[in-house]
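Order of the sequence lines fixes the chain letters, A, B, ..., with proteins taken first and strands second; residue numbering starts at 1 for each chain. Model, not experiment: these values are computed from the prediction.
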Number of protein chains: 2
Amino acid sequence: METSGPDHATRLIDAPARGCGIERTLQVLDGKWTTLIIRELLPGPKRFGELRTALGTPSAKTLTDRLRILERQNILTRTVHAEVPPRVVYQLTDQGQSLSSVLYAMLSWGEQHPLIED
Amino acid sequence: METSGPDHATRLIDAPARGCGIERTLQVLDGKWTTLIIRELLPGPKRFGELRTALGTPSAKTLTDRLRILERQNILTRTVHAEVPPRVVYQLTDQGQSLSSVLYAMLSWGEQHPLIED
DNA sequence: CGGGATCCCTTCGGATACTG
DNA sequence: CAGTATCCGAAGGGATCCCG
């Protein structure tokens with residue numbers, strides 16, 4: 001993976017410090033939970049409660065706030081099924097799915113670099 | 001890039017939600033400035049003042065705090081040159097350099113997905 | 001069940017002043 | 001120049017209660 005692409009380094013060096021693509025990505029992958037939310041939704045849609053459990057039970061407010069932001073950013077969709085009890089399903093958009101490339105890079109790096117300390 | 005690797009998706013789906021490599025990466029790429037600091041250091045070492053200017057002048061405290069954390073995490077080194085005036089140089093470690101794979105993924109995604117709002 | 005409303009606390013980041 | 005020390009405001013995240 002490192003063999004074929006010295007071009008990667010070049011593009012990273014050439015990108016202007018401010019206003020480059022990295023900053024747009026950071027605008028999405030912001031906050032404590034966002035990246036993990038996307039990770040949970042990659043396999044397929046999930047309900048609010050499923051998400052909450054899978055993430056380790058963040059507060060409802062925290063999760064709701066973040067999901068609303070991601071919805072506005074067109075990373076996921078929110079579908080309300082008018083039933084009793086209500087069922088609300090979150091699903092990644094194509095744009096959200098495409099973040100898998102970033103998440104995969106994060107996964108690979110994290111697996112290869114166990115942190116020494118905190 | 002999407003053509004050859006359905007394996008990427010598989011590994012992302014299989015990774016356990018908590019304690020997977022993604023979370024270790026998030027432990028490093030934390031806070032408002034970290035990712036941009038690393039981006040600035042990829043081309044080569046920089047002095048404290050150079051970093052500050054390149055990033056858009058965050059407060060000295062903010063930058064110092066974050067640099068100390070990254071030093072403890074073995075992402076970069078801090079070298080003090082005993083001169084007058086003092087000169088302090090920050091340089092990525094091999095581990096820090098290796099984060100370029102993640103930054104490159106962020107750059108690519110950001111370039112291809114201009115945000116609609118927010 | 002999936003929130004909304006409210007209150008609260010911690011943390012992050014910034015402003016300012018001072019130092020080796 | 002590159003910090004340290006101190007104080008501060010805003011925001012993120014959480015706890016609790018209530019509702020359709």
> Please give, in whole Å, the distance from D:dA2 P to B:Leu63 CG?
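For the pair B:Leu63 CG and D:dA2 P, the rounded distance is 11 Å.
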> Quick one: is D:dG13 close enough that its OP1 or OP2 comes under 4.0 Å of any side-chain N or O from A:Arg66?
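For A:Arg66, the contact criterion (side-chain N or O under 4.0 Å from OP1 or OP2 of D:dG13) is met.
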> Which nucleotide sits closest to the side chain of A:Pro85: C:dC1, C:dG14, D:dG13?
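So the side chain of A:Pro85 is nearest to C:dC1.
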> Decide yes or no on side-chain hydrogen bond (donor to acceptor under 3.5 Å, both in side chains) for A:Ser101 and B:Trp109, but give the supporting numbers first.
CA-CA 8 Å; A:Ser101 57; B:Trp109 192 90; 5.5 Å; no
> Scan A:Ile75, A:Leu36, A:Leu92 and name whichever one has a side-chain contact (heavy atoms from CB on, under 4.5 Å) with A:Leu41.
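Of the listed residues A:Ile75, A:Leu36, A:Leu92, the side-chain contact (heavy atoms from CB on, under 4.5 Å) partner of A:Leu41 is A:Leu92.
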> Nearest to the side chain of B:Ser59, which nucleotide is it out of D:dA15, C:dG14, D:dA2?
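The listed nucleotide nearest to B:Ser59's side chain is C:dG14.
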> By nearest atom, which of the nucleotides C:dG13, D:dG14, D:dT4 is closest to the B:Ala60 side chain?
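That would be D:dT4.
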> In this structure, how many angstroms lie between the C1' atom of D:dC1 and the OH atom of B:Tyr90, rounded?
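That distance rounds to 11 Å.
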> Classify the ring geometry of A:Phe48 against A:Tyr90: parallel below 30°, tilted from 30° to 60°, perpendicular beyond 60°.
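Plane angle between 30° and 60°, so tilted.
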> Ignoring backbone atoms, test whether A:Arg52 places a side-chain nitrogen or oxygen under 4.0 Å from the OP1 or OP2 oxygen of C:dG3.
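A:Arg52 to C:dG3 OP1/OP2: no side-chain N or O under 4.0 Å.
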> Heavy atoms under 4.0 Å, any strand shown: does A:Arg47 hit a base, just sugar-phosphate, or nothing?
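Sugar-phosphate only.
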> Taking C-beta and beyond as the side chain, do A:Thr35 and A:Met106 meet within less than 4.5 Å on heavy atoms?
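The answer is yes, as the side chains (C-beta and beyond) meet within the 4.5 Å cut-off.
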> Does A:Thr64 reach a base, just sugar-phosphate, or nothing at all? Heavy atoms under 4.0 Å.
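Counting heavy atoms under 4.0 Å across all strands, the contact made by A:Thr64 is with sugar-phosphate only.
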> What is the distance, to the nearest angstrom, from the CG atom on B:Asp65 to the C1' atom on C:dA15?
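From B:Asp65 CG to C:dA15 C1': 14 Å.
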> When the distance from NZ of A:Lys46 to P of C:dG2 is rounded to whole Å, what number comes out?
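For the pair A:Lys46 NZ and C:dG2 P, the rounded distance is 13 Å.
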> Rounded to the nearest 0.5 Å, what separates atom CG in B:Leu51 from atom CD in B:Glu40?
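CD of B:Glu40 is found 7.0 Å from CG of B:Leu51.
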> In this structure, how many angstroms lie between the C1' atom of C:dG13 and the CG atom of B:Leu67, rounded?
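To the nearest whole Å, that distance equals 14 Å.
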> A side-chain contact here means heavy atoms from C-beta on lying under 4.5 Å apart; do A:Arg47 and A:Val88 qualify?
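They are not in contact (no side-chain heavy atoms under 4.5 Å apart), so the answer is no.
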> Has the side chain of B:Lys61 got a donor or acceptor atom sitting under 3.5 Å from an opposite partner on the base of C:dG13?
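Answer yes: a donor N or O sits under 3.5 Å from an acceptor.
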> Taking the side chain as every heavy atom from C-beta outward, state whether B:Leu76 and B:Ile38 have any atom pair closer than 4.5 Å.
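No, their side chains stay 4.5 Å or more apart.
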> Given C:dG14, C:dG3, D:dT4, identify the nucleotide with an atom nearest to the side chain of A:Arg68.
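My answer, after comparing the listed nucleotides, is C:dG3.
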> Quick one: A:His81 NE2 to C:dC1 C1', roughly how many Å, whole number?
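My rounded result for the distance is 13 Å.
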> CG of A:Leu26 versus P of C:dG13: gap in Å, rounded?
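Value for this atom pair: 12 Å.
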> Grab the stems for DNA chain D, please: at least three consecutive Watson-Crick or wobble pairs, both distances below 3.5 Å, written as range with range.
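Output for stems: C:1-20 with D:1-20.
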> How close or far is atom P of C:dG2 from atom CD of A:Glu50, stated in whole angstroms?
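Taking CD of A:Glu50 and P of C:dG2, I get 8 Å after rounding.
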> Could you tell me whether the side chain of A:Arg66 reaches within less than 4.5 Å of the side chain of A:Leu70, counting heavy atoms only?
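Yes. Closest side-chain heavy atoms under 4.5 Å.
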> Under 4.0 Å from OP1 or OP2 of C:dG14: is there any side-chain N or O of B:Lys32 that close?
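Answer yes for this pair, as a side-chain N or O of B:Lys32 is under 4.0 Å from OP1 or OP2.
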